[in-house]
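Structure record follows, encoded as structure tokens.
Side chains are part of it too, since the values below use all heavy atoms of this structure and drop only hydrogens, waters and symmetry mates. Since we're looking at a predicted model, the values are computed, not measured.
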Amino acid sequence: MSPATWLELQRVVHFGETDGAGVVHFQAILNWCHQAWEESLYQFGIKAEKIFPTNRAGLNQLTISLPIVHCEADFLHPLRVGDNLVLTLRPKRLSLSCFEVRSEISLDNQTAALGVIRHLAISTTNRQCCLLPDSINSWLDASS
């Protein structure tokens with residue numbers, strides 16, 4: 001499977017993602033970046049319950065958590081309701097326990113926004129830094 005199939009995603013701007021001025025509200029950009037990362041994992045073949053904790057008893061007993069330790073966004077062009085966007089993900093391993101996903105949000109082949117979300121692997125038992133899960137390492141290796 002080509003990385004292009006799970007590192008380039010599409011979405012449409014919805015009314016609820018805009019502000020009173022009719023442009024995308026700032027918080028939507030980071031939300032889209034995280035949603036695109038989740039969708040990329042799913043399309044790559046990693047089930048959500050392998051990465052994200054749930055409150056359903058017995059569904060999963062994760063030993064590693066991936067909290068966001070840094071995020072940022074740059075807004076380069078206004079986005080409005082109905083705009084058809086392409087989100088291109090550029091994952092990068094930063095260390096054995098840390099990775100980031102850079103997202104480029106494009107409209108009509110023009111970069112409209114950029115986002116970065118950085119994750120750190122920690123043990124769920126002692127909250128200390130640990131190695132990234134094998135599934136994330138596989139996803140990172142396949143994306144480069």
Could you grab the distance from atom [atom1] of [X] to atom [atom2] of [Y], nearest 0.5 Å is fine?
| X | Y | atom1 | atom2 | answer |
| --- | --- | --- | --- | --- |
| R90 | S103 | CZ | OG | 9.0 Å |
| S138 | L41 | OG | CG | 11.0 Å |
| Q35 | Y42 | CD | OH | 15.5 Å |
| L9 | L87 | CG | CG | 6.5 Å |
| T88 | L7 | OG1 | CG | 8.5 Å |
| R93 | L140 | CZ | CG | 5.0 Å |

Heavy-atom closest pair, residues [X] and [Y]:
| X | Y | answer |
| --- | --- | --- |
| I29 | F75 | CG1-CE2, 3.1 Å |
| R80 | V13 | O-CB, 3.2 Å |
| C130 | S97 | O-CB, 2.7 Å |
| L30 | V116 | CD2-O, 4.3 Å |

Pairwise side-chain contact, [X] with [Y], heavy-atom cut-off 4.5 Å (strictly under):
| X | Y | value |
| --- | --- | --- |
| H77 | T111 | no |
| P91 | F99 | no |
| L96 | L132 | no |

Checklist entry - Side chains of E39 and W6: do they bring a donor and an acceptor to under 3.5 Å? => result no
Kindly work out whether a path of hydrophobic side-chain contacts (I/L/V/M/F/W/Y, heavy atoms less than 4.5 Å apart) joins [X] to [Y].
| X | Y | result |
| --- | --- | --- |
| L131 | I64 | no |
| W37 | F44 | yes |
| I46 | L89 | yes |
| I51 | V69 | no |

Checklist entry - Would H70 and E72 count as a side-chain contact (heavy atoms from CB on, under 4.5 Å) if you check the C-alpha gap in whole Å, the side-chain angles of each, and the deciding distance to 0.1 Å? => result CA-CA 7 Å; H70 174 80; E72 63 184 74; 2.7 Å; yes
Checklist entry - Is it true that atom CG of D141 has more than 12 heavy atoms of other residues, nucleotides or ligands lying nearer than 6.0 Å? => result yes
Next on the checklist: Take a 6.0 Å sphere around CG of L94 and say whether it holds more than 12 heavy atoms from other residues, nucleotides or ligands.
Outcome noted: yes
Name each donor-acceptor pair under 3.5 Å that joins a side chain in residues 117-125 to protein atoms two or more places apart or in another chain, with its distance.
unit_1 : atom_1 : unit_2 : atom_2 : d
R118   : NE     : E100   : OE1    : 3.1
R118   : NH2    : E100   : OE1    : 2.9
H119   : ND1    : L66    : O      : 2.9
S123   : OG     : T125   : N      : 3.2
S123   : OG     : T125   : OG1    : 2.8
S123   : OG     : N126   : N      : 3.4
S123   : OG     : N126   : OD1    : 3.3
T124   : OG1    : L62    : O      : 3.0
T124   : OG1    : T63    : O      : 3.3

Item to check | Derivation and outcome, side-chain contact (heavy atoms from CB on, under 4.5 Å), residues V23 and T18 | outcome: CA-CA 5 Å; V23 297; T18 62; 6.0 Å; no
Item to check | Criterion side-chain contact (heavy atoms from CB on, under 4.5 Å) on L107 and Q110, from CA distance to verdict | outcome: CA-CA 5 Å; L107 172 65; Q110 178 182 358; 5.7 Å; no
For the pair [X] (side chain) and [Y] (backbone), establish whether a donor and an acceptor sit closer than 3.5 Å, ignoring hydrogens and angles.
| X | Y | value |
| --- | --- | --- |
| D19 | G22 | yes |
| S40 | A36 | no |
| S106 | N109 | no |

Item to check | side-chain contact (heavy atoms from CB on, under 4.5 Å) evaluation trace for L85 with L79 | outcome: CA-CA 9 Å; L85 309 177; L79 299 170; 3.6 Å; yes
